[in-house]
*Asks:* 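The structure's right below; bear with me while I get my questions together.
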Amino acid sequence: MLDVQSVSKGDGTVLPGAEVVEAVRALAARELPSLVNTIDVDGHYPEQQMRAFGRLGAYAHHLPGMSPNIDLMTAINAMAAAGEHCLSTSFCMWCQDALGWYIYASDNQHLRTSVGPQIATGAALGGTALSNPMKSLFGIEPMRLKGRRGDGGYVVKGLLPYVSNLGADHYFGAIFEVEDGGSTRNVMAVIPCNAEGVSLADNAKFTALDGTRTFAVQMRDVVVPEAWVLADPVDPFIKRIRAGFILLQAGMAFGLIRDCLRLIQQTKGPLGHVNKYLDVQPEPIAEQLEAMEVEVARLAATPFEDDLGYWRAVIEARLAAGDASVAAAHAAMLHCGARGYVAGAAAQRRLREAYFVAIVTPATKQLRKMLADMAH
């Protein structure tokens, strides 16, 4: 079970969701503003803050069996609270949340009782590694990891170009393709970064989110024991986890949009007399944000629902979050003008970060493809 001493009031009771979010908001407001440019420009990874958010309970409330209710909104709102200052931190929180989601949504009791509690409390950190599989499963690119049966599990090899929130002692979820008797199937497992045959390479510098510990992951005949397998075959499991995987990403969008609204409001005094002529004003952005929050909360209440109409609504909500992020950041940039265009300014950073919300898997173009495929 959850180490309540690390996420409690001090009397052995776990913090309620609302208190977790407020605790995360206070910590983020205290520590992230002084770090955000170091994260953005120098690629600093906010490891101390990531672990501290875990001790506050930010990664636990949405986990099936970890808390009395599956509370995705606490995870989303905690992520948004950090995202009001820094999208890199918010994204790393999503990676952490998603890895815990995989483990606790599975039937693997070994992972649920060993690695799972460490992920839930931030004692261990990790990523998702599902960018390639999520594209592959929807016909966009081939599966990059290949596995074969070995003694007591599988042997896996291949290269994943971008996996985030990683480190020498971190973990990631991975899906690999296995050939078996002339047919193929996909298997999902948790992989330790320090497993023999796993290597991380820092091959790219990103326009934004360079402080997210994003690496290329090379797997050379990595032994994956049965004890680390989440699902075999993976297809029913993907249907179980996909809504939560996608809905959790809303936290990134919500936090970023709130900060864009703050930036716009800051310009009302000095620039309001001319900004009033801009097509996009803050009131419609705020109204759209509120509507998105209501819709995501509605969908997040039943993340294992298998109705096709529900799945379509999840896709539409995620698509709206990406579009709204870019639109809000674009508006903030125009409202701030030249003062938002200088190096170190929040507006230009927010604009760069907003594009990430629209291109991180599932990207805007994939979401539109998914909707089009469902229409046929």
Side-chain angles (χ1 to χ4, degrees), residues 72 76 87 91 94-95 97-98 101-102 127-146 158-164 173-177 184-188 204 206-209 214 231 233-254 256-257 288 291-292 295-296 298-300 302-330 352-376:
L72 261 69
I76 289 168
L87 194 73
F91 171 58
W94 172 76
C95 293
D97 283 330
W101 181 243
Y102 306 158
T128 76
L130 257 62
S131 179
N132 163 249
M134 282 296 183
K135 294 171 186 172
S136 176
L137 293 170
F138 291 97
I140 296 173
E141 63 184 39
M143 196 74 75
R144 291 179 177 269
L145 297 183
K146 308 294 182 182
L159 174 68
L160 297 172
Y162 304 121
V163 185
S164 302
I175 294 178
F176 50 90
E177 184 180 82
T184 61
R185 71 179 189 280
N186 296 316
V187 177
M188 186 170 179
F206 297 100
T207 299
L209 284 95
T214 299
V234 81
D235 292 0
F237 186 63
I238 288 294
K239 289 182 180 179
R240 178 170 170 78
I241 65 172
R242 63 187 184 183
F245 174 93
I246 289 175
L247 289 170
L248 284 165
Q249 293 181 338
M252 291 188 282
F254 293 167
L256 182 141
I257 293 169
Q288 183 183 17
M292 288 193 301
E295 175 66 356
V296 167
R298 180 184 74 84
L299 296 169
T302 57
F304 296 134
E305 190 172 337
D306 58 6
D307 178 74
L308 189 62
Y310 170 83
W311 175 229
R312 182 182 294 107
V314 169
I315 299 170
E316 291 171 343
R318 174 62 181 86
L319 180 62
D323 288 347
S325 295
V326 174
H330 177 68
R352 289 184 284 110
E353 291 175 339
Y355 283 111
F356 181 79
V357 182
I359 65 175
V360 66
T361 302
T364 296
K365 55 192 175 186
Q366 177 173 349
L367 293 162
R368 294 192 182 280
K369 178 185 185 301
M370 290 162 68
L371 289 173
D373 290 346
M374 293 174 74
H376 295 137

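In this chain, numbering begins with 1 at the start of the sequence shown.
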*Asks:* For Ile238 and Leu130, which heavy atoms make the closest approach, and how far apart are they?
*Replies:* CD1-CD2, 4.5 Å

*Asks:* Could you measure the distance from the CG atom of Leu137 to the CE atom of Met143? Nearest 0.5 Å is fine.
*Replies:* 4.5 Å

*Asks:* Quick one: pull up CD1 in Ile246 and CG in Leu319 and give me the separation to the nearest 0.5 Å.
*Replies:* 11.0 Å

*Asks:* CD1 of Ile359 to OG1 of Thr364: how many Å apart, nearest 0.5 Å?
*Replies:* 9.0 Å

*Asks:* Between Leu72 and Ala300, what is the shortest heavy-atom contact and its length?
*Replies:*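 Taking Leu72 first and Ala300 second, the nearest heavy atoms are CB-CB, 3.8 Å.
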
*Asks:* Is any side-chain heavy atom of Leu145 closer than 4.5 Å to a side-chain heavy atom of Ile175?
*Replies:* no

*Asks:* Looking at Gln366 and Met134, would you say the former's side chain and the latter's main chain have a donor-acceptor pair under 3.5 Å?
*Replies:* yes

*Asks:* Before you tell me yes or no, could you show the steps for Leu371 and Arg312 under side chain to side chain contact (heavy atoms under 4.5 Å, CB included), namely the whole-Å CA-CA distance, both residues' side-chain angles and the distance that decides it to 0.1 Å?
*Replies:* CA-CA 7 Å; Leu371 289 173; Arg312 182 182 294 107; 3.8 Å; yes

*Asks:* Do you know which two heavy atoms are closest between Cys95 and Ser164, and how far apart they sit?
*Replies:* SG-CB, 4.0 Å

*Asks:* Give the minimum heavy-atom separation between Val163 and Leu160, together with the two atoms involved.
*Replies:* CG2-CB, 3.8 Å

*Asks:* Quick one: are Glu177 and Pro142 in side-chain contact, heavy atoms under 4.5 Å?
*Replies:*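 Side chain of Glu177 against side chain of Pro142, heavy atoms only: no contact under 4.5 Å found.
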
*Asks:* Is there side-chain contact between Ser131 and Tyr162, with heavy atoms separated by less than 4.5 Å?
*Replies:* no

*Asks:* For the residue pair Glu353 and Leu209, establish whether any side-chain heavy-atom pair is separated by less than 4.5 Å.
*Replies:* yes

*Asks:* Is any NZ, NE, NH1 or NH2 atom of the basic residue among Lys239 and Asp235 found under 4.0 Å from an Asp or Glu carboxylate oxygen of the other?
*Replies:* no

*Asks:* Is there a side-chain contact between Ile315 and Arg368 (heavy atoms, below 4.5 Å)?
*Replies:*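 No, side chains not in contact.
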
*Asks:* Using 30° and 60° as the class limits, which term best fits the ring planes of Trp94 and Phe245: parallel, tilted or perpendicular?
*Replies:*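 If you compare the ring of Trp94 with that of Phe245, the planes turn out perpendicular.
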
*Asks:* State, with a plain yes or no, whether a side-chain heavy atom of Arg352 is found less than 4.5 Å away from one of Leu87.
*Replies:*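 No, their side chains stay 4.5 Å or more apart.
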
*Asks:* Mark yes when over 12 heavy atoms from residues, nucleotides or ligands other than Tyr355 sit less than 6.0 Å from its OH; otherwise mark no.
*Replies:* no

*Asks:* Mind checking the CZ-CZ spacing from Phe237 to Arg242? Nearest 0.5 Å is all I need.
*Replies:*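 If we round to the nearest 0.5 Å, Phe237:CZ and Arg242:CZ are 13.0 Å apart.
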
*Asks:* What's the shortest heavy-atom distance between Ala324 and Met292, and which atoms?
*Replies:*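 Answer, listing the atom of Ala324 first, then Met292: CB-CE, 3.6 Å.
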
*Asks:* I want to check something: taking the side chain as every heavy atom from C-beta on, are Gln249 and Pro362 in contact at a cut-off of under 4.5 Å?
*Replies:*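 Yes - at least one pair of side-chain heavy atoms lies under 4.5 Å apart.
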
*Asks:* Is any side-chain heavy atom of Trp311 closer than 4.5 Å to one of Met370?
*Replies:* yes

*Asks:* So Ile257 and Gln288, side chain to side chain contact (heavy atoms under 4.5 Å, CB included) or not? Walk me through it.
*Replies:* CA-CA 10 Å; Ile257 293 169; Gln288 183 183 17; over 6 Å; no

*Asks:* Using 30° and 60° as the class limits, which term best fits the ring planes of Phe304 and Trp101: parallel, tilted or perpendicular?
*Replies:*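 Rings of Phe304 and Trp101: parallel, as their planes differ by under 30°.
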
*Asks:* On a heavy-atom basis, which atom in Val296 and which in Ala317 lie closest, and how many Å separate them?
*Replies:*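 Nearest heavy atoms, Val296 then Ala317: CG2-CB, 4.4 Å.
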
*Asks:* After noting the C-alpha distance and the side-chain angles of Arg144 and Leu159, does the key distance pass the side chain to side chain contact (heavy atoms under 4.5 Å, CB included) rule?
*Replies:* CA-CA 6 Å; Arg144 291 179 177 269; Leu159 174 68; 5.7 Å; no

*Asks:* Using only atom types and a distance under 3.5 Å, with no angle test, would you say the side chain of Lys369 pairs donor to acceptor with the backbone of Phe138?
*Replies:*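 Such a contact is found between Lys369 side chain and Phe138 backbone.
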
